[in-house]
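Structure first, then comments.
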Amino acid sequence: MTDDTPRHRYDARLANEIEARWQDRWDANHTFWAPNPEGLLSEGAEQIEGREPMFVLDMFPYPSGAGLHVGHPLGYIGTDVFARYQRMNGKNVLHAMGYDAFGLPAEQYAVQTGQHPRVTTEANIATMRRQLRALGLGHDSRRGPATTDVSYYRWTQWIFLQIFNSWYDYDEDRSRPIAELLPLLAADPETGWDELTEPERRELVDSCRLAYLTEAPVNWCPALGTVLANEEVTADGRSERGNFPVYRRPLKQWMLRITAYADRLLEDLNLLDWTESIKIMQRNWIGRSTGATVDFGVDGREELISVFTTRPDTLFGATYMVLAPEHPLVDGLVPPEWPGADIGENLSVIPAAWKGIFGTDVGPAEAVRKYREFAAQKSELERQAEGKDKTGVFTGAFAVNPVNDARIPIFIADYVLMGYGTGAIMAVPGHDERDFEFAREFDLPIECVITPPDSWLTEHECGTDAAEWSEAFTGDGVAMSSANAEISLDGLGVTDAKATITDWLTDQDLGEATVNTKLRDWLFSRQRYWGEPFPIVYDELDLPVAVPDHLLPVTLPEIMDFEPEISEAGDASVPAPPLSRAEGWGTVELDLGAGPKTYRRELNTMPQWAGSCWYYLRYLDPTNEDQFVSPEAERYWMGDGPGGVDLYVGGVEHAVLHLLYARFWHKVLFDLGHVSTPEPFQRLFNQGMIQAPAYTDDRGIYVEASSVVERDGQFYAGDERVHQEFGKIGKSLKNMVTPDDIFRDYGADTLRLYEMSTGPLDASRPWSERDIVGVYRFLQRLWRNVVDEDTGELRISESPASDESRRLLHRTIQGVRVDMPTMGFNTVVAKLITLNNHLTQVAAAGGAPREVVEPMVLMLAPLAPHVAEELWSRLGHAETLTYEDFPVADPAWLVDETIEVPIQVNGKVRGKVVVGADADDAAIEAAARTEVGPLLDGVTVRKVIVVPGRLINFVVG
RNA sequence: GCCCGGGUGGUGGAAUGGCAGACACGGUGGACUCAAAAUCCACUGCUCGCAAGAGCGUGGGGGUUCAAAUCCCCCCCCGGGCACCA
C-alpha cells in the first residue's frame with residue numbers, strides 16, 4: 001500500500017475497520033437474537049408478531065487445536081447467507097453455533113499436548129468463536145452450548161435415562177416407559193413372573209430396555225484404548241479416527257436398541273427433503289431384506305437349526321448347510337467320529353478337504369476346534385485380504401431339508417457371519433455365488449431349481465444341469481425340480497414361488513416370513529475419559545440402577561491422569577477406564593429409596609455422538625434449568641411438519657453416523673412425547689469440500705505449500721522442483737490456509753463472497769487464492785460507484801434510473817430471488833456483478849441512481865453483510881438492514897420492448913433479427929426471411945418452427 | 001463386484017430440450033502515468049482465413065428430435081459409499 005492510495009478506497013484496511021465496527025454494533029444491539037415467543041429468551045417477542053419461525057442449522061464443529069481453515073466455513077457462510085435472506089423475507093430466523101467438544105478429537109489433542117482436555121477444549125472454542133465472529137455470521141450468541149458444559153451434558157444424561165427407562169412395544173411400534181412394561185410382564189404366563197426372584201425379575205426387565213448391557217464381540221481398538229461402534233470402523237477394519245487396527249473381542253458393554261427403529265428409520269426417509277444419495281447410504285446401512293426363516297432338522301438329533309434366506313423359492317436346491325464358526329449349536333452337533341459312507345450319491349468316503357486344512361488324521365471335534373481358532377484369529381484386515389477364498393470344515397453332522405427330507409452335510413465356514421440373520425444358512429450353490437464357490441471348493445453337489453432364460457444358457461454354453469455350470473444363476477427364472485407330495489413350485493416365477501413356499505412353511509410350522517437388517521444395535525460405551533459419565537450405578541447384585549433425575553448431573557471428575565489405557569494387539573485383559581483412577585469417585589453412597597447404600601459407579605463414558613444427537617433441541621431453550629427444552633419452544637421452532645429443522649447443512653461424512661444416531665434419539669423422544677415431530681431434520685444439504693494445492697518433492701514428502709512458488713507453470717520449493725496435487729486442507733498435507741490470513745489481506749466480506757462464488761455449494765472446489773481478487777474488485781467497484789474514494793462523499797445520483805437500468809435491476813431481483821432459496825449463491829454473485837458492471841458504466845456518465853443502488857445493496861447484504869450495512873448507513877439509513885424487506889421485482893420491468901431472435905436453418909444459427917416483444921409468429925417469420933433471405937433461395941422450406949421469445953428454425957430440404 | 005455422483009475453454013464455473021462457454025481468474029492490446037501499481041476500455045473456445053466468413057466443438061461411439069451439454073443405449077475415465085449381510 002502506497003501513500004497515494006485514495007483514503008476512502010475499499011481495501012483490506014477499510015474492510016477490516018468496517019467489519020469490526022459492524023460486528024460490535026450487531027453484538028451491542030442483539031441484532032441476531034431470535035426471540036422465543038414466550039418463556040426464557042423471549043425478549044423482543046413483540047417484534048416477531050406475524051413472522052414465521054425458521055430454524056437454520058449447521059453441523060456444529062469439533063473445537064480442534066488448529067483452529068479453522070478456509071474449508072470449514074463454506075457451509076457456515078452458506079447457512080448465514082440463507083438465514084439473512086430469510087430474515088429479509090420476514091422470517092424469525094434461529095441460527096446459532098455450538099461446539100461438539102467431547103470425544104476423541106478433543107481428547108487426542110489434549111493427550112498429544114499433555115494438557116487437560118478441558119483446558120485445550122476451552123482454548124480451542126475461544127479461538128473458533130473469534131474466527132467465526134470475524135466472518136460476520138449472524139448467530140444468536142445466547143444459543144451456542146458446548147456439549148462439555150455441565151449444564152448441557154446434564155441433559156444428555158437425562159436423555160440417556162429416558163432411553164434406559166424405556167422399552168420397545170413392537171405391537172404398537174413405539175417406545176414406552178419401562179413402568180408400563182412391568183404389569184405386562186407380570187401378567188404374561190410365559191415369563192413365569194411369580195416364580196422369579198427379585199434379581200431375576202430385574203434382569204428380565206433390564207433385557208427389555210432400549211439401553212442394555214450385554215457381553216458380545218465388539219470392535220476393540222488397542223491403540224485408542226477403547227471400543228468403537230460399527231459405524232466408526234472402516235471397511236478395511238481400522239478406526240475411522242486415527243486409522244488404527246481394530247479387533248473383535250467379547251466385552252460387556254452398553255448397547256442402544258437402534259435396531260428396534262430400523263423400519264421407521266428406513267420408512268421415514270421418504271418424508272424428508274434430503275439428497276437421494278444420502279437416503280441411499282442410510283438405506284444401505286440399515287440393509288433391510290425380506291425373506292423367510294426355515295427350520296431344518298438335524299439327522300439323529302432333536303434340535304432344529306433355523307436359517308434365514310431371501311430366496312426361499314430355492315429351498316429344494318439346498319445341498320448343504322453352513323453355520324458361522326461361533327454358532328452356539330456347533331458343539332452339540334459334532335459327533336465323536338467322522339461318519340461313514342452315505343453322504344450323498346457320489347460320495348462314499350468323506351473327501352479329505354472336508355476335514356479342514358489342519359490334517360486329515362484328526363477327529364471332527366479337533367477339526368472344528370482348529371478351524372474356529374483359525375477363524376477367530378483372523379483380523380478384519382486379513383479377512384479382507386483373503387477376499388472370496390472360501391474356507392470351512394465339515395462338522396460331521398447332517399441336516400434334513402424339510403421340503404424333501406434330503407440329508408445334507410453341515411459345515412462351518414467364516415463366510416457365514418454370526419451377527420446376521422440366524423448365523424446359519426442353507427446353501428443353494430446353483431443360485432448363490434458364494435455357495436457356488438464353496439461347493440466347487442469342497443466338491444459339493446450343485447443343483448438347478450430355477451430355470452435360467454435361454455439367453456443365459458446360450459451365453460454360458462450349458463443346459464440346466466448345474467454340475468456343468470461355470471457360475472451360479474442368481475437371476476429371475478421359473479422354478480423347476482421343486483416339488484414334494486404336498487407342494488409344487490414348478491412353473492412359478494420367483495415372486496410367486498417365494499410366496500407359495502413361505503405360506504406352505506408357515507402352515508407346516510416349518511418356518512415363517514422374516515425381515516432382517518444389517519443394522520446392529522449401537523455400542524454406546526467408551527473406555528475414555530473425555531465424555532459424558534453414565535448416570536448409572538451398580539448395586540450389591542451388580543445390576544445397573546439409574547441415578548435419579550434430581551441427582552443429575554453426574555459430573556465428570558477432574559483427574560490429572562486422563563490418558564486411555566493403550567494395550568498391545570493381542571492383550572486380552574479388560575482395560576481399566578480412566579475414570580477408575582478418579583480417587584473417591586468410583587463408589588458412592590446414595591439413598592435411592594431403600595435407605596443409604598454404597599453403589600459402584602459406571603466407569604465408562606458415552607461416545608462423542610451422544611452430545612451431537614440432540615444439540616439442535618438445546619439451541620431452542622439453552623438456559624432452561626428445569627427441562628431439556630420447553631414444550632412451547634420446541635413446538636414453536638420445530639413446527640408440525642415431519643421434520644423440525646428447516647435447513648440442516650453439513651458434510652457428507654456424517655451420512656450414516658451422526659444423522660442416523662440423531663434420528664434415532666429424536667424418534668425415542670418423539671415416542672415418549674418430548675418432541676412434536678417424528679424427524680429432526682426436514683431439509684438436509686451437503687456442502688462440498690474445499691481442497692487446496694499441496695506439493696510433494698521427488699521423495700513424495702509434502703513440503704510446506706506456502707513456501708512454493710510458481711515459475712513458468714512449474715512449481716518450486718527453493719530450487720527444488722515439486723509436484724502439485726489437490727487435497728483436504730490441513731496439517732498433514734502442509735497446505736493450511738487460515739481465514740485469518742484472508743481477513744488480513746482482503747477482509748471477511750471478500751472471503752464470504754469468494755467462497756460463495758466459486759461453484760455450487762454442494763460441489764467440492766479447489767482453493768485458488770489468485771481468484772479472490774475477482775470478488776474483491778467487485779466490492780471495490782461497487783463501493784466506488786457509491787462513495788467517492790478521495791473525499792468519502794456519496795456520489796450517487798438522485799435522478800430516476802433509465803429504462804435500461806430498471807430492466808436490468810428487476811431482472812436481477814427476479815433471478816436472485818429464484819437462486820437464493822435453492823442455495824444457488826454462485827449465480828447470485830454473478831448476477832450482482834453483472835448489475836454492478838452496468839452501474840459502473842452509469843456512474844461514469846453522471847452517477848449511479850439511488851433507485852438502483854439501494855436494492856443492489858440490499859441484495860448484496862446476505863452475502864457481504866458488513867460492506868452492505870456500511871453503504872446502507874451512508875445512504876442515509878439509521879437502522880440495520882438485517883430486517884429490511886428484500887427487493888421485489890416489478891413484473892412491468894421484466895418484459896423488454898424488443899427482443900433479439902436467433903434464426904436457425906436446420907438447427908444452425910445463421911443470423912439474428914430484432915423484433916417487438918409482442919411480435920406474433922408470422923411477424924417473426926417475415927422478419928427472419930428478410931434477414932436470412934439468400935440462404936432460403938432455391939431450397940424448399942419444409943417446416944418453420946417458432947418458439948415464442950426464443951428462436952425461429954427453418955427446416956429446409 | 002454392486003450402488004451413487006461427476007466429466008463443458010488455459011482455470012473455477014454458467015446453461016437441465018431452444019443462441020454452448022454467463023460471471024470471474026488468467027492472457028493479449030490500448031488509455032492514464034516520467035515509470036510502476038491501481039483504475040478504465042477492447043479482444044480472448046479451437047482450426048483455417050488479410051478479411052468477410054466457414055468448419056469443428058460439452059470424455060468416446062451410436063440413437064431420438066426441426067433442435068441435444070441436457071433425453072435414450074453402449075463404452076472409457078475420475079470421485080464417493082458399500083462389500084462373503086445369505
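Naming: A, B, ... by sequence-line order, numbering from 1 per chain.
Closest to the side chain of A:W285, from the set B:C3, B:C82, B:A86, is B:C82. Of the candidates B:A86, B:C40, B:C19, the closest approach to any side-chain atom of A:K912 belongs to B:C19. Among the nucleotides B:A86, B:C4, B:G12, the one closest to the side chain of A:F308 is B:A86. Among B:A22, B:G81, B:C25, the nucleotide with an atom closest to any side-chain atom of A:D771 is B:C25. Which of B:U39, B:C4, B:A86 sits closest to the side chain of A:Q780 comes down to B:U39.
Of the nucleotides present, none pairs with B:A20 by Watson-Crick or G-U wobble criteria with both distances under 3.5 Å.
Between A:L808 atom CG and B:C23 atom P the separation is 11 Å, expressed in whole Å. We find that CZ of A:R765 is positioned 15 Å from P of B:G6, with the value rounded to whole Å. Distance A:F726 CZ to B:G80 C1': 19 Å, rounded to the nearest Å. What separates NE2 of A:H838 from C1' of B:C23 is a distance of 17 Å, to the nearest Å.
Aromatic ring centroids of A:Y754 and A:W767 lie under 6.0 Å apart. Aromatic rings of A:F438 and A:F411 (six-membered ring for Trp) have centroids within the 6.0 Å cut-off, being under it.
When every heavy atom of A:V956 is checked against every heavy atom of A:V941, the shortest pair comes out as CG1-CG2, 4.1 Å. Shortest non-hydrogen contact noted between A:Y661 and A:A229 is OH-CB, 3.5 Å. When all heavy atoms of A:S470 and A:H460 are compared, the closest pair comes out as OG-CD2, 3.8 Å.
Using a 4.0 Å cut-off, no side-chain N or O of A:R770 falls inside it from OP1 or OP2 of B:A24. Contact annotation: A:T275 side-chain N/O to B:G5 OP1/OP2 distance is not under 4.0 Å. The side chain of A:R784 contributes an N or O atom lying less than 4.0 Å from OP1 or OP2 of B:C40.
Annotation: of the two residues near RNA chain B, A:A763 and A:K831, the 5′-most nearest-nucleotide partner is A:A763. RNA chain B is contacted by both A:T834 and A:D432; A:T834 maps to the nucleotide lying nearer its 5′ end (nearest heavy atom per residue).
Contact annotation for A:R781: backbone-only contact, meaning every heavy-atom pair under 4.0 Å involves sugar-phosphate atoms and none involves a base. As judged by a 4.0 angstrom heavy-atom cut-off over every strand, A:R520 is placed among the base-contacting residues. Residue contacts shown for A:L951 include a base, since a base heavy atom lies under 4.0 Å away. A:T517 comes within 4.0 angstrom of no nucleic acid atom, judged by non-hydrogen atoms across all strands. At the heavy-atom level, A:N837 lies under 4.0 Å from the strands shown only through sugar-phosphate atoms. Within 4.0 Å (heavy atoms only), A:T758 reaches sugar-phosphate atoms of the nucleic acid but no base atom. A:Q841 comes within 4.0 angstrom of the backbone, heavy atoms only, and of no base.
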Exercise. Are A:T827 and A:D819 close enough, and set up right, to give a side-chain hydrogen bond (donor to acceptor under 3.5 Å, both in side chains), and what steps lead you there?
Worked result: CA-CA 7 Å; A:T827 48; A:D819 293 342; 2.9 Å; yes

Exercise. Can you list the steps and then say if A:E755 with A:L751 is a side-chain contact (heavy atoms from CB on, under 4.5 Å)?
Worked result: CA-CA 6 Å; A:E755 295 211 356; A:L751 175 62; 3.6 Å; yes

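The environment of NZ in A:K728 is sparse: at most 12 heavy-atom neighbours from other residues, nucleotides or ligands sit within 6.0 Å.
Of the charged side-chain nitrogens involved, at least one lies within less than 4.0 Å of a carboxylate oxygen, so that A:D896 and A:R807 count as a salt-bridged pair.
Comparing B:G62 with B:C56, their P atoms are spaced 14 Å from each other, to the whole Å. Separation of the C1' atoms belonging to B:A24 and B:A14 is 11 Å when rounded to the nearest angstrom. Annotation: B:A31 and B:G9 have their P atoms spaced 34 Å apart (nearest Å). When the C1' atom is used for both B:U47 and B:U39, the distance is 36 Å, rounded to whole Å.
Here B:G13 is in the anti range [glycosidic angle more than 90° from 0].
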Could you list, one pair per line, each protein nitrogen or oxygen that sits under 3.5 Å from a nitrogen or oxygen of nucleotides 14-17 of chain B, together with the distance?
{"unit_1": "B:A14", "atom_1": "OP1", "unit_2": "A:N826", "atom_2": "ND2", "d": "2.8"}

Any protein N or O atoms within reach of nucleotides 64-67 of chain B? Criterion: under 3.5 Å, listing atom names and distances.
{"unit_1": "B:C66", "atom_1": "O2'", "unit_2": "A:N953", "atom_2": "ND2", "d": "3.3"}
{"unit_1": "B:C66", "atom_1": "O2", "unit_2": "A:N953", "atom_2": "ND2", "d": "2.7"}

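Interface remark: the A:K390 side chain does form a donor-acceptor pair with the B:C84 base, using a distance-only criterion of under 3.5 Å.
The distance from the CE atom of A:M756 to the CG atom of A:L74 is 5.0 Å, given to the nearest 0.5 Å. One distance of note links OG1 of A:T319 with CG of A:N401; it measures 10.0 Å at 0.5 Å rounding.
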